[in-house]
Amino acid sequence: MNQEAVVEVSGVKKRFGDRWAVSSISFSIARGECLALLGPNGAGKTTTIHMLLGLVVPDGGSIRVFGLEASGHLKEIKQGTGVCPQNDNLDPDLTVVENLVTYASYFGIGKREALARAGELLEFFALSNRSDEVIQNLSGGQRRRLLIARALINRPGLFILDEPTIGLDPQARHLIWERLEALKAGGTTMLLTSHYMEEVSVLADRVIILDSGRVVVEGRVDELVREMVGNQVVEVSGPKARLQEIAESVEGCDVETESNGTRLYVYLKGPCDRLDALGDHGLVVVRRPANLEDLFLRLTGRRLREE
Amino acid sequence: MDLLFLKVWQRNAKAWAKHVRASLIGNLGQPFLFLVAMGYGLGREIPDIHGLTYLQFIAPGLVASATMYSAAFEATFGSYTRLATQKTFEAILMTPVSSYDLGLGEVVWGATKGLLSGIIMVAALPLFGVIPSPWTLLIPFVLFLEGMIFAAFGLVMTALASNYEFFNYFTSLILTPLFLFSGIFFPLDALHPAASLGIRLLPLSHVVDLNRSLCYGRLGPADWISALMVVAYAVVMTATAVSLLHRRLIK
């Protein structure tokens, strides 16, 4: 067993009714590492997090956090874990600073110590001037920052972030990323879920893509993109018949193609001369570096998931 | 024993302290109005019962009803708001506080609110010409246990509820009949023996009897049975509430 692993999940599964929300997934997170769980809605990300916290009881497999078996040591595990949940569940009956101090009390942190930590965290998340404000008067970005600050009140050895910037404007998102990067640089072990590929690319050392409760792929972001997608992507828009011709014409190159009818995606692993002249024929052509989003869509498909 | 349920209690107390006045008036208005309307109004026309004026007869029972309503409402509307609307429970469960700590904290908190309402009622009794005996000092213990029973009962409803309307069953089918038929307003021997026995199997009549006995210093052997019933109900209801809440929260 790996001494340095903060989280070790092996063969964990969970069924709700007759649907397997998670079917046998395994992963581990090393100390100081940031692992991202990616996947479409309903892929099993939140269920996996809830199993780590004992909010959902697995139907099989084993979970160890800080080297402790989860089923028998939930209190100890949660004592060292900070969670920023997907839904805003700040306490609307309390002010900003009361939220932090009250939350600290659930960890057995005394009021004096809690106030000191709350002051530091509010400073770090640029909320110092809001400390006596009621929650209703905070903006969406401020609430999110407070949720993250609250999750750090116990100085967690494992920091779990479930879609930490969902629904925020770019300014608010970038501020949060900057703070999370600082935490990461300080050696905090993180488990992140997100729909924002940019967020994952910025923060995560390693990514696991889940689909329908299974691990589809796992690895370092840049390596996975290079191996499974390529270096560059060319997107061509035009009439269907013309796209079909192009798709056939590039078959000799080291590429893969994908079409959704009105748009052709050509994923390039090497150079391909035949693509270079396309712009001259009245087609709309965009050439850009391959990214995590391409990988995600290649692996989980382009159709919507809300059945 | 890490007593984490007390942290849940503290959180609720802190939130409640912010609107204490509205909360107390809301909880105490009804029993005081009953005491005035029935005790003074109707009571004038009614002969003494067991050597007590009608107002003296109903006053200890209305103390019990104040506790019952406060505890039950806190553990239904209050707890359900924290469960479903504010997601406070979800936030708490991400900390070392377990679902069992949470359930116990909610029950004890509801009981505390019930106790407070009851104590204020008792303290106000001299204003209505009811002079309590020294035994009255034991009434808060009875009220706290009664508060546990009805807070736990309320929390059972919360654990089963899918919306606020669900609590109408609880108030109309359980609390109101208990309020009317548990010997607050008339002695139970006025009822058919079968009905009377049915009431005796439920907790509120025992609280009413204990309160009346303690208030007027007339304790008898039947009060031991009542005390036992109240303790048993408090334990069983609390255990039931905590386990149902666990089932609601942990999937």
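Within every chain, numbering begins at 1; the chains are lettered A, B, ... in the order of the sequence lines, protein sequences first and strands thereafter.
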Would you say the side chain of B/Lys18 lies within less than 4.5 Å of the side chain of A/Asp93, judging by non-hydrogen atoms? no

Can you tell me how far apart OG1 (A/Thr95) and NZ (B/Lys14) are? Round to the nearest 0.5 Å. 7.0 Å

Closest-packed option against chain B by number of heavy-atom pairs under 4.5 Å, given A/Thr102, A/Asp91, A/Asn154: A/Asp91

What distance do A/Ile109 atom CD1 and B/Thr95 atom OG1 have between them, rounded to the nearest 0.5 Å? 10.0 Å

What part of A/Leu90 gets closer than 4.5 Å to chain B, counting heavy atoms only: side chain, backbone, both or neither? backbone

Got more than 12 heavy atoms from elsewhere within 6.0 Å of CZ, B/Phe141? no

Would you say A/Tyr103's side chain and B/Ala91's backbone share a donor-acceptor pair under 3.5 angstrom? yes

I need the minimum non-hydrogen distance between B/Pro96 and A/Gln79, along with the two atoms involved. CG-OE1, 3.0 Å

Considering only heavy atoms and a distance below 4.5 Å, find which of A/Thr47, A/Leu94, A/Leu74 pairs most often with chain B. A/Leu94

Verify the neighbour count for atom NZ of A/Lys13: are there more than 12 heavy atoms of other residues, nucleotides or ligands below 6.0 Å? no

Pick one of side chain, backbone, both or neither for B/Leu249, based on which atoms fall under 4.5 Å of a heavy atom in chain A. backbone

Hey, is CZ on B/Arg248 packed in by over 12 heavy atoms from elsewhere, all under 6.0 Å? yes

Is the count of non-hydrogen atoms from other residues, nucleotides or ligands lying under 6.0 Å from B/Tyr164 atom OH greater than 12? yes

Could you check whether any side-chain heavy atom of B/Met94 comes within less than 4.5 Å of a side-chain heavy atom of A/Tyr106, counting everything from C-beta outward? no

Contact summary for A/Pro85 and B/Glu90, nearest pair of heavy atoms: CB-OE2, 4.5 Å

Heavy-atom count check: over 12 atoms from other residues, nucleotides or ligands less than 6.0 Å from A/Glu123 CD? no

Side-chain heavy atoms of A/Leu55 within contact of B/Ile250, under 4.5 Å: yes

